[in-house]
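Quick notes on the structure that follows.
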Protein chains: 2
Amino acid sequence: MKSLEETDALLKEANLKLTPTRRRILKVFRKYPFALSYNDINDSVKEKLDKVTIYRTLKTFEEKGIIHQVLDTSSQVKYALCNSSCSKHEHQDAHIHFKCTSCHQTYCIEDREIPSVPLPKGFTEVHSSMLVEGICKDCNELALL
Amino acid sequence: MKSLEETDALLKEANLKLTPTRRRILKVFRKYPFALSYNDINDSVKEKLDKVTIYRTLKTFEEKGIIHQVLDTSSQVKYALCNSSCSKHEHQDAHIHFKCTSCHQTYCIEDREIPSVPLPKGFTEVHSSMLVEGICKDCNELALL
DNA sequence: TTATATTTGCAACTTAGTTGCATTTAATAA
DNA sequence: TTATTAAATGCAACTAAGTTGCAAATATAA
Ligand SMILES: [Mn+2]
Ligand SMILES: [Mn+2]
Ligand SMILES: [Zn+2]
Ligand SMILES: [Zn+2]
């Protein structure tokens, strides 16, 4: 199975042990094209995992540059897979995120950079994030039927 | 006192009763130039108010267009005073927000509009928000001393 | 002044996430 | 192949943010 190998390679690169739990959680991220919360993962994983283990795995993956937090209006933190340019040293997620107000999923729009805005005198920028809300492709297509 | 009158006028316009609690909470918003969380308000108000009352007041003020939620990376929701163009029907907060990574305060940058980004085919935008992180004016000036 | 809808406070609850600690296990070395 | 050990997992108990139901208090209008 190709994707299992890729998943394992990701973990190896991050110097993480190849555990069933980590493989399962990564598999869930690969399955969905949008950002996932603790609850999403807990619901999608067949063999029940402990809450603490899921939260700790998410934190570890984030630290190692495998996933990144996605700013969102929901009350749970959501994470999405990083692209290969993210490392344990720096997250390279300068892309916008899109939250669908219909299906409530949040997508990384990897090929849309966050525009920079000139700030008032005295303020200096380090990093920006941008969340666009609206209707996603799938929901727009469903509405046409 | 001028600002008390202004505060009362705001409440009147919103069809809200002029209660001591509401006047106190609004006064706190007028005192600080940045967005406030429940905790900020709870700490700044001299006569202790019930937690539930504070949360309910914030919700009421938001519904009436007096304050707006500010997207933030902290774990508490923060609110800032709306400018006069916000109404109970629509919040008009298309400006960017700036979060200082040194003092952790979040400012409305009212005169900087959120730039629009063309979305991939199929996605339609309804609303965007943008959070710029960096060092605020006060913190930058302190660093120069 | 009284009547009434609104607001407030208290207690109990929920939801998201964390901490400490004992047990298990993946990876490495003998 | 087995033993060693640092890392990972699970359980229980906890914290922090926010909510709900209900009874008591109060701002406003008659
Ligand atoms: Mn992303
Ligand atoms: Mn604002
Ligand atoms: Zn959608
Ligand atoms: Zn600052």
Side-chain angles (χ1 to χ4, degrees), chain A residues 4-5 7-28 35-64 66-67 69-79 88 104 106, chain B residues 4-5 7-28 35-64 66-67 69-79 88 104 106:
Chain A
L4 184 63
E5 278 165 32
T7 293
D8 284 1
L10 256 180
L11 292 172
K12 276 272 167 91
E13 267 173 61
N15 274 309
L16 293 174
K17 291 187 180 173
L18 305 178
T19 67
T21 297
R22 287 174 176 161
R23 284 203 253 239
R24 277 174 201 142
I25 293 180
L26 262 188
K27 203 167 145 193
V28 176
L36 303 175
S37 65
Y38 157 77
N39 276 301
D40 294 330
I41 291 163
N42 189 48
D43 295 348
S44 311
V45 103
K46 279 166 296 286
E47 308 80 2
K48 278 306 150 210
L49 297 172
D50 191 79
K51 184 172 48 151
V52 179
T53 303
I54 295 178
Y55 277 116
R56 282 201 278 232
T57 302
L58 290 172
K59 187 172 283 182
T60 302
F61 284 0
E62 190 192 10
E63 285 164 3
K64 299 293 184 170
I66 296 174
I67 60 179
Q69 280 200 4
V70 171
L71 197 62
D72 190 87
T73 51
S74 90
S75 48
Q76 300 122 266
V77 174
K78 288 184 175 183
Y79 294 91
K88 111 188 48 176
H104 307 293
T106 303
Chain B
L4 183 65
E5 278 165 30
T7 292
D8 284 0
L10 256 179
L11 293 172
K12 277 273 168 92
E13 268 172 61
N15 275 310
L16 294 174
K17 292 186 180 174
L18 304 178
T19 66
T21 298
R22 285 172 179 164
R23 284 203 253 238
R24 280 175 199 140
I25 293 180
L26 261 187
K27 204 168 145 192
V28 176
L36 303 175
S37 65
Y38 156 78
N39 277 301
D40 294 330
I41 291 164
N42 190 47
D43 295 349
S44 311
V45 104
K46 279 165 297 285
E47 309 79 1
K48 278 307 153 210
L49 297 172
D50 191 81
K51 183 171 49 152
V52 179
T53 303
I54 295 179
Y55 278 116
R56 282 200 279 231
T57 302
L58 290 172
K59 187 172 283 183
T60 302
F61 283 0
E62 190 192 13
E63 284 164 2
K64 299 294 184 168
I66 296 174
I67 61 179
Q69 280 200 359
V70 172
L71 196 62
D72 189 87
T73 51
S74 90
S75 48
Q76 301 121 267
V77 173
K78 288 185 173 182
Y79 293 91
K88 113 187 48 177
H104 307 293
T106 303

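Naming: A, B, ... by sequence-line order, numbering from 1 per chain.
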Practice item. For Lys17(B) and for Lys48(B), find the nucleotide of DNA chain C with the closest heavy atom, then tell me which residue's nucleotide is more 5'. Key: Lys17(B)

Practice item. Please state whether the phosphate of dG10(D), meaning OP1 or OP2, lies under 4.0 angstrom from any side-chain nitrogen or oxygen of Thr53(A). Key: yes

**Study point:** d(CG, Leu16(B); P, dT26(D)) in whole Å
**Key:** 19 Å

Study note, to complete from the structure: Double-helix bend of the helix from dT1(C)-dA30(D) to dA30(C)-dT1(D), axes at both ends from 5 pairs, round to 10°, gives 30°

Check your understanding: Does the Arg23(B) side chain pair with the main chain of Thr7(B), one donor and one acceptor, at a distance under 3.5 Å?
Key -> no

Exercise for review: Please determine, by modelled atom types, if Asn39(B) and Ser37(B) share a side-chain donor-acceptor pair under 3.5 angstrom.
Suggested key: no

**Study point:** For the student: nearest non-hydrogen atoms of Asp50(B) and Val52(B), plus distance
**Key:** OD2-N, 2.9 Å

Point to revise | Whole-Å gap separating C1' (dA29(D)) and NZ (Lys12(B)) | key: 12 Å

Check your understanding: How long is the line joining CG of Asp50(B) and C1' of dG9(C), in whole Å?
Key -> 5 Å

Practice item. Supply the atom-to-atom distance Lys78(B) NZ to Ile67(B) CD1, rounded to the nearest 0.5 angstrom. Key: 14.0 Å

Check your understanding: Side-chain contact, heavy-atom cut-off 4.5 Å: Gln76(A) with Tyr38(A)?
Key -> no

Exercise for review: Quickly work out the Leu11(A) CG to dT25(C) P distance and round it to whole Å.
Suggested key: 18 Å

Check your understanding: About how many Å separate CZ of Phe61(B) and CG of Leu10(B), when rounded to the nearest 0.5 Å?
Key -> 8.5 Å

Review point. Taking atom P of dA5(C) as reference, at what distance in whole Å does atom CG of Asn15(B) sit?
Key: 16 Å

Point to revise | Closest to side chain of Thr21(B), choosing from dA8(D), dT9(D), dT8(C) | key: dT8(C)

**Study point:** Nearest-Å distance for atom pair CG/P, residues Leu26(A) and dA8(D)
**Key:** 14 Å

Distances for protein N/O vs nucleotides 14-21 of chain D N/O pairs under 3.5 angstrom?
| residue | atom | partner | partner atom | Å |
| --- | --- | --- | --- | --- |
| dA17(D) | OP1 | Gln76(B) | OE1 | 3.4 |
| dG18(D) | OP1 | Val77(B) | N | 3.0 |
| dG18(D) | OP2 | Tyr55(B) | OH | 2.9 |
| dG18(D) | O6 | Lys51(B) | NZ | 2.8 |

Point to revise | Nearest-Å distance for atom pair CG/P, residues Leu58(B) and dT7(C) | key: 14 Å

Check your understanding: For the atom pair CG (Leu36(A)) and CD1 (Ile41(A)), what is the distance rounded to the nearest 0.5 Å?
Key -> 5.5 Å

Study note, to complete from the structure: Interatomic distance, CG@Asn42(A) vs NZ@Lys48(A), rounded to 0.5 Å, equals 4.5 Å

Check your understanding: Between dG10(D) atom P and Asn42(A) atom CG, what is the distance in whole Å?
Key -> 12 Å

Review point. In terms of side-chain heavy atoms of Leu49(B), which of dC11(D), dG9(C), dT7(C) is nearest?
Key: dG9(C)

Practice item. Output yes when at least one side-chain N/O atom of Thr19(B) is less than 4.0 Å from OP1 or OP2 of dT8(C), else no. Key: yes

Practice item. Could you tell me the separation between the CG atom of Leu58(A) and the CZ atom of Arg56(A), rounded to the nearest 0.5 Å? Key: 12.0 Å

